[in-house]
> 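Have a look at this one before I ask anything.
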Amino acid sequence: MKEKLTIVKVGGAVVEDELQLSQLLNDFSAIEGRKVLVHGGGRKATKMAERLGLETQMVNGRRITDADMLEVVTMVYGGLVNKNLVARLQGFGVNALGLTGADANVIRSHKRPLKDGVDYGFVGDVDGADGEMLGRLVEAGITPVVAPLTHDGEGHILNTNADTIASETAKALAAFYDVTLIFSFEKKGVLSNPDDDDSVIPVITRTLFNKYKADGTISGGMLPKIENALSAVDSGVSRVIITLATAIDGEHGTIIK
């Protein structure tokens, strides 16, 4: 029987909200057993870009990452956000280690090709994560804290979607552990009515997702999040939950099956 491992992905909006972030880190530290934290940080990157006089361009919720923006996201994701989370987890007694995909070659990717005529720049699409290497760290009593940056094996850092990193990390570790993947953000779960915070859809299957996608119940940035969640389930991840950042106990939110 495989040992349990929990992966929590925390979004940039929560990283920006001190109250939610403090609660999440407290709850994360209380999770028993092996665990991994994956984080975003897009809002901080946008603010830092503004301070440096750089304009942020987004297409379908994805950041266009030119050479200047790549420097910003590398500094913010791999430095400011990552190391602050690591330091704060140490304060909770969690022996955390901050990583990008380039560290120990844990997540390899390739530069995204033109998509619908859009050049996303230095954005990476993940080829795979090294579950064995991550497992070694976990077995050594270390909690990896993974920033949304990968590398292409040819010396280049690439900006990569944090939900995708969480999903790919979960898939890689599912070969060795009984993995629960939790996407935590600022809502109680996937909502059937975006104006009603209590309209949480309790369970979403592939069939239900296609229905909700077709009728517009689920749209925008939630679409790729659920695609990542379903992909993880298809690849052997035991449970995937989308929930409020202050409710990562596995008992709340939307379960993806």
Side-chain angles (χ1 to χ4, degrees), residues 7-17 20-21 37-85 98-103 106-129 145-170 183-187 194 218-229 231-232 242 245:
I7 299 173
V8 176
K9 185 268 172 175
V10 55
V14 176
V15 168
E16 282 281 280
D17 185 314
Q20 285 192 79
L21 181 60
L37 185 66
V38 177
H39 67 83
R43 296 192 184 190
K44 278 194 181 292
T46 298
K47 286 183 178 178
M48 182 62 73
E50 284 177 6
R51 286 166 63 181
L52 295 172
L54 300 174
E55 183 183 350
T56 296
Q57 290 180 278
M58 307 287 284
V59 176
N60 297 324
R62 297 283 194 261
R63 186 181 303 271
I64 302 293
T65 308
D66 61 13
D68 288 336
M69 188 58 72
L70 182 64
E71 290 190 357
V72 172
V73 297
T74 301
M75 288 188 291
V76 172
Y77 300 162
L80 181 63
V81 175
N82 188 268
K83 298 313 172 191
N84 275 329
L85 290 174
L99 298 170
T100 68
D103 294 294
V106 292
I107 308 174
R108 186 80 69 91
S109 65
H110 61 272
K111 188 172 179 289
R112 177 174 295 175
L114 283 176
K115 197 169 184 179
D116 300 325
V118 177
D119 182 358
Y120 285 88
F122 295 98
V123 167
D125 289 332
V126 174
D127 295 318
V145 178
V146 188
L149 298 165
T150 56
H151 78 119
D152 64 0
E154 297 176 3
H156 305 109
I157 284 278
L158 295 169
N159 182 16
T160 306
N161 178 263
D163 286 346
T164 302
I165 285 184
S167 176
E168 294 294 333
T169 299
F183 290 100
S184 69
F185 71 142
E186 62 273 19
K187 300 292 184 182
I218 297 173
S219 61
M222 187 54 70
L223 292 173
K225 189 181 290 291
I226 296 176
E227 286 283 12
N228 277 309
S231 174
I242 299 176

> Is any side-chain heavy atom of K9 closer than 4.5 Å to one of K225?
yes

> Of all heavy-atom pairs between P224 and R62, which one has the smallest distance, and what is that distance?
CB-NH2, 3.5 Å

> Testing the basics here: between T150 and G124, what is the closest heavy-atom pair and its distance to 0.1 Å?
OG1-CA, 4.4 Å

> If you measure from CD1 on I165 to OG on S109, what distance do you get to the nearest 0.5 Å?
8.0 Å

> Taking the side chain as C-beta and beyond, is there a heavy-atom pair between T169 and V106 under 4.5 Å?
no

> Using a 4.5 Å cut-off on heavy atoms from C-beta on, say whether the side chain of Y120 contacts that of N159.
no

> Which heavy atom in D103 sits nearest to a heavy atom in T100, and how many Å separate them?
OD2-N, 2.7 Å

> How about H39 and N82: do any of their side-chain heavy atoms sit closer than 4.5 Å?
yes

> Which pair of heavy atoms, one from A49 and one from M69, lies closest together, and at what distance?
CB-CE, 3.8 Å

> So do the side chains of D17 and E186 get within less than 4.5 Å of each other, counting heavy atoms only?
no

> Starting from the C-alpha separation in whole Å, work towards a yes-or-no answer on side chain to side chain contact (heavy atoms under 4.5 Å, CB included) for E16 and V81.
CA-CA 10 Å; E16 282 281 280; V81 175; over 6 Å; no

> Does the side chain of F185 come within less than 4.5 Å of I242's, by heavy atoms?
yes

> So which atom in M222 and which in I218 form the shortest heavy-atom distance, rounded to 0.1 Å?
CG-CG2, 3.8 Å

> Should P113 and D125 count as side-chain neighbours, where that means a heavy-atom distance under 4.5 Å?
yes

> Between CE of M48 and CE of M75, what distance do you get to the nearest 0.5 Å?
6.5 Å

> Can you tell if the side chain of I107 reaches within under 4.5 Å of the side chain of V146, non-hydrogen atoms only?
yes

> Using modelled atom types and a 3.5 Å cut-off, is there a donor and acceptor pairing between side-chain atoms of S167 and backbone atoms of D163?
no

> Run D127 and R108 through salt bridge (charged side-chain N to carboxylate O under 4.0 Å, His left out) and show every step you take.
CA-CA 6 Å; D127 295 318; R108 186 80 69 91; over 6 Å; no

> Between S231 and N228, do the side chains contain a donor N or O and an acceptor N or O under 3.5 Å apart?
no

> If you measure from CG on L149 to CZ on F122, what distance do you get to the nearest 0.5 Å?
13.5 Å

> NZ of K47: more than 12 outside heavy atoms within 6.0 angstrom?
no

> Let me see the working for V118 and I64 under side chain to side chain contact (heavy atoms under 4.5 Å, CB included), right down to the final yes or no.
CA-CA 9 Å; V118 177; I64 302 293; 3.9 Å; yes

> If I take atom CE from residue M58 and atom OG1 from residue T46, how far apart are they, to the nearest 0.5 angstrom?
6.0 Å

> Working to the nearest 0.5 Å, report the span between OG1 of T74 and CG of L70.
4.0 Å

> For the side-chain contact (heavy atoms from CB on, under 4.5 Å) test, which of D66, V72, T65 pairs with D68?
D66

> Please report the closest heavy-atom contact between G40 and P148, naming both atoms and the distance.
CA-CG, 4.2 Å

